There are 2 protein chains.
Amino acid sequence: MSSREPLTRDRIVDAAVRLIEREGVEAVSMRRLAAELGAGTMSLYNHVPNKAVLVDLAAERIMAQARPYHVDSDDWRDHFRAHARAIRELARAHPRAFVLLSTRRLSTEAGFRTIEVALRNFERAGFRGKIAVGMMRAMVSYLLGTLMREVATSPELGGIALSPYEDVDTSAFPLSAEVLDELGTYDHDHEFEFGLELMIAALERYRPD
Amino acid sequence: MSSREPLTRDRIVDAAVRLIEREGVEAVSMRRLAAELGAGTMSLYNHVPNKAVLVDLAAERIMAQARPYHVDSDDWRDHFRAHARAIRELARAHPRAFVLLSTRRLSTEAGFRTIEVALRNFERAGFRGKIAVGMMRAMVSYLLGTLMREVATSPELGGIALSPYEDVDTSAFPLSAEVLDELGTYDHDHEFEFGLELMIAALERYRPD
DNA sequence: CCCTGCGACGTACGGCGTACGTAGGAGGGT
DNA sequence: ACCCTCCTACGTACGCCGTACGTCGCAGGG
């Protein structure tokens, strides 16, 4: 872990990103980071004002890793699907970091890249200006929501594992009881696509032409 | 702060809920909670196994505060709107707690109450069984997403305050530049309703009749 | 040659969650 | 009346945490 290179903001942020991806934000501590870099704890403070902005910087770095999607189609729906799936892949590739990103505002270059692509797709679909922003926000909300739920329920992250509904008397909830098995089951692929089509259907309904 | 009543799980959870609502989850600590109850720190552990489940219990308690909505209408759309707005009100009433709730699974009585109401509304709208569960999940995702965003961007919670897009060169993002003002502005009421109508439109499109 | 400034680091303080041991009192069995 | 058991309250202590502060060594310029 030791190294002869001098401490750099870059090196510190890199180490933070690696640690976040490996063990999650809660595993990040200044002491541990320093140890991993073979440096003294307080040396980090020569390059970073405090832990909060270090985490911000790490979030930004992760966001910058997002790669644009590519799709061969003129249909705006295909672009939506591809873009949404790309974002989902990002979330699944960095599940622990995603929760982090979702809380933060994306006012960086990388964030704008994503926004720009989305706006282009909305333009393709016939939405412009203010209405496009509203649509995008609704879309973002949906994506944020599903992906948060998907990440939160993935077992490898200490999410929900088994027998969630054991000690609740479901007799008072007849409709829930009817679909109890379904409520306890998650098919994330299917659910994501289902919701995505739902959103696209909604957009279609609002389209001018 | 002192009190002659004996320590109880109930009293401890209550104190935790109050503290969460006042200062957020991050302000909760066993020592502070004990002090607020006029008790020794370690006494809490006679009633609660550890902090994590204490926070879980607090989340559950807050969730149980949710009151059913009421609406005078036979139109399923009105029920959707009323239910969604009720959830939003809960989020706005307990913004600090909402982030907490959103992460956790709601396998309690209170959670089922909400699920049951939603399922009844979907039934009213013509959706049943598996498809209703899928719809509900899409709806939940959207609500979770918007409300997370709304809560995260509310300034009174240390959210985004001012001039977010200053040091980014927007010339590379023409579409974003065009709507830059819009991107920096939030009208949560309007956005929520807009997205809600979008979702309802989507459901309408999938309806059998 | 010295001086200045900066990066690296040690120490220390006040906080945290909680394992562990103890002490005291309440209740039941004899 | 006695004792024994068990439960609750609590103090101490350990190993973490973020970070304020002071010092030391070295590189570069005068």
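All values reported here derive from a predicted model rather than from experimental measurement. Proteins come first, then strands; the chains are lettered A, B, ... in the order of their sequence lines, and each starts at number 1. The figures that follow rest on heavy atoms only: side chains count, while hydrogens, waters and symmetry mates do not.
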Please give, in whole Å, the distance from D:dT8 C1' to B:R11 CZ? 14 Å
Any ion pair linking A:R81 and A:D78 (charged N to carboxylate O, less than 4.0 Å)? yes
May I have the distance from B:R31 (atom CZ) to D:dG15 (atom P), rounded to whole angstrom? 15 Å
Heavy-atom side-chain contact between A:M42 and A:M30 under 4.5 Å: no
Presence of salt bridge, A:R32 and A:E23, under 4.0 angstrom: yes
Nearest whole angstrom, please: distance from the C1' of D:dG18 to the CZ of A:R32. 16 Å
First and last nucleotide of DNA chain C, 5' to 3', lying under 4.0 Å from heavy atoms of chain B: C:dC16 to C:dC20
Does A:R61 pair with A:D10 as a salt bridge, N-O distance under 4.0 Å? yes
Tell me the interatomic distance from A:L44, atom CG, to D:dT19, atom C1', rounded to whole angstroms. 11 Å
Test of understanding: with salt bridge (Lys or Arg N to Asp or Glu O under 4.0 Å), list the residues that count as partners of B:R85, not counting sequence neighbours. B:E193
Give the nucleotide from the list D:dA9, D:dC17, D:dC10 with an atom nearest to the side chain of A:K51. D:dC17
Which comes earlier along DNA chain C counting from the 5' end, the contact point of A:G40 or that of B:T41, where each point is its nearest nucleotide? A:G40
For atom CG of A:N50 and atom P of D:dC17, their distance in whole Å: 17 Å
The nucleotide from D:dG18, D:dA13, D:dT8 with an atom nearest the side chain of A:Y45 is D:dG18
Could you state the CE-P distance from B:M42 to D:dA9, rounded to the nearest angstrom? 13 Å
Five pairs at each end of the helix from C:dC1-D:dG30 to C:dT30-D:dA1: take the axis at both ends and give me the angle between them to 10°. 20°
Can you check the B:R9 CZ to D:dA9 C1' distance for me, whole Å? 17 Å
Using a cut-off of strictly less than 4.0 Å, decide whether B:H47 has a side-chain nitrogen or oxygen near OP1 or OP2 of D:dC7. no
If you draw the axis of the six-membered ring of A:F192, does the NZ or CZ of A:R88 fall within 45° of it and under 6.0 Å from the ring centre? yes
Check whether B:F173 forms a cation-pi arrangement with A:R113 (NZ or CZ under 6.0 Å from the six-membered ring centre, at most 45° off the ring normal). no
Less than 4.0 angstrom between a side-chain N/O of B:S43 and OP1 or OP2 of D:dT8, yes or no? no
What is the distance from CG of B:L7 to P of D:dC7, rounded to the nearest Å? 17 Å
Report which part of the nucleic acid A:V28 touches: base, sugar-phosphate, or nothing (heavy-atom distance under 4.0 Å, all strands). sugar-phosphate
Look at the rings of B:H190 and B:F194 and say which category their plane angle falls in: under 30° parallel, 30 to 60° tilted, over 60° perpendicular. parallel
Fit a plane to each ring of A:Y186 and A:H188, take the angle between them on a 0 to 90° scale, and name the class: parallel (under 30°), tilted (30 to 60°) or perpendicular (over 60°). parallel
